[in-house]
Amino acid sequence: MTILTIRRTLVALAAVVATAATAATTTTAASAAGENDVTAFSTADRAAALAYWTPEKMKAAGADTIDRVEQVAKRWSGPGPQGVGRLFFTEVSPGEAPLDTWCTATAVPSTSGDVLVTAGHCAYAGLNREDQVTPIKNSVFVPGYDQGRRPHGVFATRALAFRHSYTTGSEPDVAMVVLDQQQGRHVAQVAGTQRISFDHKGTTQAAIVGYPGSKAYFGEALMWCDLPTHQDPTVSDHWMSTCDMAGGSSGGPWFDGFNRWTGNGEIFSVTSRGELDYDETTGESKTLSLEGAPLGADAKNLYEAAEKL
């Protein structure tokens with residue numbers, strides 16, 4: 001078995017050709033609780049991102065997949081949970097073809113009305129084989145995305161915030177995304193938000209939602225699980241679930257006290273990584289289980305910092 005982060009990283013052929021743009025700026029800001037890294041996108045970056053992600057490119061991002069159809073997770077029916085959407089971006093590794101990809105993210109209450117929570121690896125793509133940082137560009141959020149429909153429009157990303165420790169030790173796998181307004185309106189006004197908790201403990205019945213890029217819907221539809229979860233102290237108190245959503249579900253919320261009919265709950269974790277099984281005879285992979293990153297003091301620090309970006 002293999003443990004992998006499950007951000008969706010599939011090549012869209014049209015994206016390989018035209019992805020030149022100015023690089024975003026990453027800074028490290030000291031705080032009382034440690035350090036946060038912030039990747040800021042210029043006005044020109046944000047305009048380019050909105051122009052880049054056409055409906056065709058969004059669909060193409062998940063067109064080529066080796067992930068089998070989920071057996072546990074099911075398609076969400078009806079209007080999606082408030083604030084949940086698809087976070088698109090491009091990874092631009094020096095010397096390699098750019099990769100169009102996506103994660104799942106959720107709007108959370110903030111003084112600005114512009115903040116999302118997602119996984120750390122959806123904001124920092126890590127190093128390539130030459131130990132060079134792989135920049136992220138073309139970052140946009142589409143709340144309520146469903147098979148090409150964009151009911152609340154598209155929001156450009158203004159900044160990505162993650163803990164500096166994630167760049168050296170891959171923990172905590174949590175990030176905050178700060179968005180531009182869209183036609184003078186904040187994402188919280190347009191799509192709603194979900195409550196967030198930073199001190200959740202114990203065994204919990206969790207609703208886990210995301211946009212997996214399996215052969216079920218190729219990332220085009222929201223899926224979910226409703227299963228018991230528990231924390232494992234041997235892996236940094238990560239939450240464990242037998243949910244089997246494929247790559248693309250990374251960053252998706254884990255809800256406690258979730259009401260299926262109102263689509264509301266309290267986020268206590270985000271999807272971090274999955275245990276995968278690869279079938280050499282078919283060339284397919286399947287997710288066996290998921291881990292959720294705990295939302296603790298580091299996540300709270302990020303959240304408070306993001307409100308000021």
Side-chain angles (χ1 to χ4, degrees), residues 1-9 62 65-78 80-81 83-87 102-106 117-122 145-146 172-174 194 196-197 200-260 263-279 284-295:
M1 307 304 177
T2 305
I3 302 294
L4 294 172
T5 53
I6 58 172
R7 173 182 67 250
R8 192 69 201 143
T9 53
T65 181
I66 63 170
D67 295 316
R68 288 180 179 172
V69 173
E70 288 83 355
Q71 300 300 306
V72 178
K74 304 301 179 186
R75 183 176 179 179
W76 181 275
S77 61
V84 178
R86 218 169 156 194
L87 179 68
W102 77 91
C103 282
T104 305
T106 311
V117 64
T118 190
H121 64 271
C122 304
Y145 185 94
D146 182 51
D173 193 8
V174 178
Q194 298 284 350
I196 187 168
S197 170
H200 197 82
K201 299 292 182 183
T203 301
T204 297
Q205 184 76 13
I208 304 171
V209 301
Y211 287 91
S214 70
K215 294 178 180 179
Y217 300 104
F218 302 91
E220 287 287 288
L222 192 68
M223 298 186 73
W224 77 305
C225 296
D226 188 12
L227 297 165
T229 63
H230 67 280
Q231 281 184 292
D232 189 338
T234 67
V235 284
S236 304
D237 280 340
H238 275 219
W239 293 90
M240 303 294 175
S241 171
T242 54
C243 186
D244 62 348
M245 282 192 285
S249 61
S250 279
W254 293 37
F255 289 110
D256 180 41
F258 187 71
N259 185 316
R260 168 67 180 86
N264 291 313
E266 184 172 74
I267 302 171
F268 67 91
S269 177
V270 294
T271 298
S272 172
R273 56 196 182 212
E275 182 182 13
L276 304 182
D277 186 21
Y278 180 72
D279 188 334
E284 293 181 316
S285 66
K286 64 177 179 179
T287 302
L288 304 177
S289 62
L290 295 182
E291 292 183 21
L295 301 184

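Positions are given from 1 along the sequence.
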Pairwise distance [atom1]([X]) to [atom2]([Y]) - rounded to 0.5 angstrom:
| X | Y | atom1 | atom2 | answer |
| --- | --- | --- | --- | --- |
| Trp239 | Lys201 | CH2 | NZ | 7.5 Å |
| His200 | Gln231 | NE2 | CD | 8.0 Å |
| Tyr217 | Arg75 | OH | CZ | 5.0 Å |

Short question: side chain of [X], backbone of [Y] - any donor-acceptor pair under 3.5 Å?
| X | Y | value |
| --- | --- | --- |
| Ser250 | Cys103 | no |
| Asp173 | His121 | yes |
| Thr229 | Ser241 | no |
| Glu275 | Glu291 | no |
| Glu284 | Asp279 | no |
| Thr104 | Gly248 | yes |

Find out whether Val84 and Pro253 are in side-chain contact, i.e. whether some heavy atom of one side chain is under 4.5 Å from a heavy atom of the other.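 A side-chain contact under 4.5 Å exists here.
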Are Ser269 and Asp256 packed together at the side-chain level, in the sense that at least one heavy-atom pair is separated by less than 4.5 angstrom?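 No. Closest side-chain heavy atoms not under 4.5 Å.
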Among residues at least two apart in sequence or on other chains, which ones pass ring-ring contact (aromatic ring centres under 6.0 Å, His included) with Tyr145?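 Residues passing ring-ring contact (aromatic ring centres under 6.0 Å, His included) with Tyr145: Phe88.
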In terms of side-chain geometry, is the basic nitrogen of Asp277 or Arg68 positioned less than 4.0 Å from the acidic oxygen of its partner?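 A salt bridge is absent here (no side-chain N lies under 4.0 Å from a carboxylate O).
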Salt bridge Glu220-Arg86, side-chain N to carboxylate O under 4.0 Å: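 Counted as a salt bridge, because a side-chain N and a carboxylate O are separated by less than 4.0 Å.
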Hey, what's the ring geometry for Phe258 with Trp224, parallel, tilted or perpendicular (30° and 60° as the breaks)?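 It falls in the tilted class, 30° to 60°.
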Intermediate values then yes/no, side-chain hydrogen bond (donor to acceptor under 3.5 Å, both in side chains), Thr287 and Asp244: CA-CA 5 Å; Thr287 302; Asp244 62 348; over 6 Å; no
How close do Phe268 and Ala206 get, heavy atom to heavy atom, and via which atoms?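 In terms of heavy atoms, the two residues are closest at CZ-CB, 3.8 Å.
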